[in-house]
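Everything on this sheet refers to the single structure shown next.
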Amino acid sequence: MKLILASQSPRRHDILRWMGIPFETEVCTEPESTPSGLSADEMVRYLALHKAEFAKRLHPDDCILGADTVVVLDGEILGKPYTPERAKAYLRRMQGRTHIVYTGVALLHGMHRDIRCCTTEVTFRPMSETEIDWYVSTGEPLDKAGAYGLQGLGSVFVDTMKGNYFNVIGLPAPVVYEMLLQEGFLSEDRNELL
């Protein structure tokens with residue numbers, strides 16, 4: 001049995017490698033859409049499951065892991081900004097304030113489904129307009145939910161964090177480890193993958 005990660009995120013790939021877990025990747029090519037009215041918690045669970053179900057159809061005998069991450073500020077979901085203007089707008093709103101990062105994780109194996117959500121509160125320190133301009137000019141914020149990378153240059157703007165660090169990067173390592181243990185994909189002594 002193999003672990004298939006249903007994500008193209010380099011950050012999620014890195015986290016699984018750091019955990020010492022071998023995996024293969026199957027990227028969902030179907031459009032991501034969600035029913036209206038979902039909370040952030042429900043939305044990330046829904047999208048994580050959507051990605052995992054796509055990969056499951058192609059790898060029915062393997063263990064499939066899907067994930068999705070969003071940033072929420074004042075009840076509004078701040079996705080990937082993609083443009084410098086939107087990244088600057090996000091950072092202006094977030095500086096000096098606390099936002100919540102939600103990551104949904106779905107693990108599918110056989111008929112078993114384990115779908116969870118992890119949250120982390122992140123508080124940014126105040127940022128000057130010059131700092132915002134510089135950070136956006138690096139390009140790092142453009143493809144990241146909430147317009148920052150905690151594992152990169154964006155780390156200098158984070159004042160405090162309550163919750164799991166890896167959740168903010170895109171895959172809550174302790175939650176994933178527990179899910180894989182419970183599913184029997186990992187053994188506690190880690191001498192072998194089952």
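Quick note: numbers below take in every heavy atom, side chains included, and nothing from hydrogens, waters or symmetry partners.
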* Value rounded to 0.5 Å, distance of OG1 in T69 from CG in N167 -> 6.5 Å
* Check ion pair R125-E131 (N to O, under 4.0 angstrom) -> yes
* **Cluster link W18 to V168, ILVMFWY, side chain under 4.5 Å** => yes
* Between F54 and I4, is there a shared hydrophobic cluster once you connect ILVMFWY residues whose side-chain heavy atoms come closer than 4.5 Å? -> no
* Asked: Looking at L78, I132, D74, which one forms a side-chain contact (heavy atoms from CB on, under 4.5 Å) with M94?
  -> L78
* To do: Check the pair V105 / L65 against side chain to side chain contact (heavy atoms under 4.5 Å, CB included), numbers first and verdict last.
  => CA-CA 7 Å; V105 181; L65 181 66; 3.4 Å; yes
* Asked: Under a 4.5 Å cut-off applied to non-hydrogen side-chain atoms, are L3 and E24 in contact?
  -> no
* **Charged N-O contact under 4.0 Å between R11 and D14** => no
* State, with a plain yes or no, whether a side-chain heavy atom of L47 is found less than 4.5 Å away from one of T34. => yes
* May I have all residue pairs that pass salt bridge (charged side-chain N to carboxylate O under 4.0 Å, His left out) and include part of residues 33-45, sequence neighbours excluded? => D41-R45
* List the steps, then state whether side chain to side chain contact (heavy atoms under 4.5 Å, CB included) holds for I21 with L186. => CA-CA 9 Å; I21 299 173; L186 295 177; 4.0 Å; yes
* Asked: Between E129 and R92, is there a salt bridge with N-O shorter than 4.0 Å?
  -> yes
* To do: Rounded to the nearest 0.5 Å, what's the gap from NE2 on H13 to OG1 on T25? Could you check?
  => 3.5 Å
* Euclidean distance, C63 SG relative to K56 NZ, rounded to 0.5 Å -> 7.5 Å
* Using a 4.5 Å cut-off on heavy atoms from C-beta on, say whether the side chain of V122 contacts that of T98. => no
* Do the side chains of L171 and F166 get nearer than 4.5 Å, heavy atoms only? -> no
* Keeping to residues at least two apart or across chains, list the ring pair (Phe, Tyr, Trp, His ring centres under 6.0 Å) pairs with something in residues 55-101. => H99-F124, H99-Y148
* Hey, is the main chain of L108 close enough, under 3.5 Å, to the side chain of R113 for a donor-acceptor pair? -> no
* Within a strict 4.5 Å, meaning less than it, do heavy atoms of the W134 and T138 side chains meet? -> yes
* Does a salt bridge link K51 with E26, judged by any charged N lying under 4.0 Å from a carboxylate O? -> no
* Working to the nearest 0.5 Å, report the span between CG of L180 and CZ of F185. => 6.5 Å
* By ring-ring contact (aromatic ring centres under 6.0 Å, His included) - contacts of H112 (at least two apart) -> none
* In terms of hydrophobic clusters joined by side-chain contacts under 4.5 Å, are V71 and L38 together? -> no
* Can you tell me if Q95 uses its side chain to pair, donor with acceptor, with the backbone of M127 under 3.5 Å? -> yes
* Asked: Residues in side-chain contact (heavy atoms from CB on, under 4.5 Å) with A106, at least two apart?
  -> A48, L49, A52, I115
* Asked: Does some side-chain heavy atom of H50 sit less than 4.5 Å from a side-chain heavy atom of E30?
  -> yes
* Which pairs pass salt bridge (charged side-chain N to carboxylate O under 4.0 Å, His left out) with one or both residues in residues 153-162, sequence neighbours excluded? -> none
* **Gap between atom CG of L5 and atom NZ of K2 - 0.5 Å precision** => 13.5 Å
* Asked: Who passes ring-ring contact (aromatic ring centres under 6.0 Å, His included) against F157, sequence neighbours left out?
  -> Y135
* Structure fact -> Tightest non-hydrogen contact, residues G149 and K144, listed as CA-CD, 3.5 Å
* Cut-off 3.5 Å, side chains only: do N164 and T120 have a donor facing an acceptor? -> no
* Asked: Ion pair present between R116 and E178, side-chain N to carboxylate O less than 4.0 angstrom?
  -> yes
* Common cluster, V175/I64, ILVMFWY with side-chain heavy-atom separation under 4.5 Å -> no
* Distance-minimising heavy-atom pair for I100 and E121 -> CG1-CG, 4.2 Å
* Path from L91 to L142 over hydrophobic side-chain contacts below 4.5 Å -> no
* How long is the span from the NZ atom in K88 to the OG atom in S137, to the nearest 0.5 Å? -> 8.0 Å
* In sequence, state the C-alpha distance, the side-chain angles, and the governing distance for L150 and M161, and then conclude on side chain to side chain contact (heavy atoms under 4.5 Å, CB included). => CA-CA 10 Å; L150 182 62; M161 186 171 49; 3.7 Å; yes
* Asked: Would you say L107 and E183 make side-chain contact, with heavy atoms under 4.5 Å?
  -> yes
* Does M1 reach the side chain of D61, with side-chain heavy atoms less than 4.5 Å apart? -> no
* To do: Give the C-alpha distance, both sets of side-chain angles, the deciding distance and a yes or no for side chain to side chain contact (heavy atoms under 4.5 Å, CB included) between I15 and I169.
  => CA-CA 9 Å; I15 292 168; I169 299 176; 3.8 Å; yes
* To do: Write down the atom of G170, the atom of T103, and the distance for their closest heavy-atom approach.
  => O-CG2, 3.5 Å
* Asked: What are the two closest heavy atoms between A87 and V136, and how far apart are they?
  -> CB-CG2, 4.0 Å
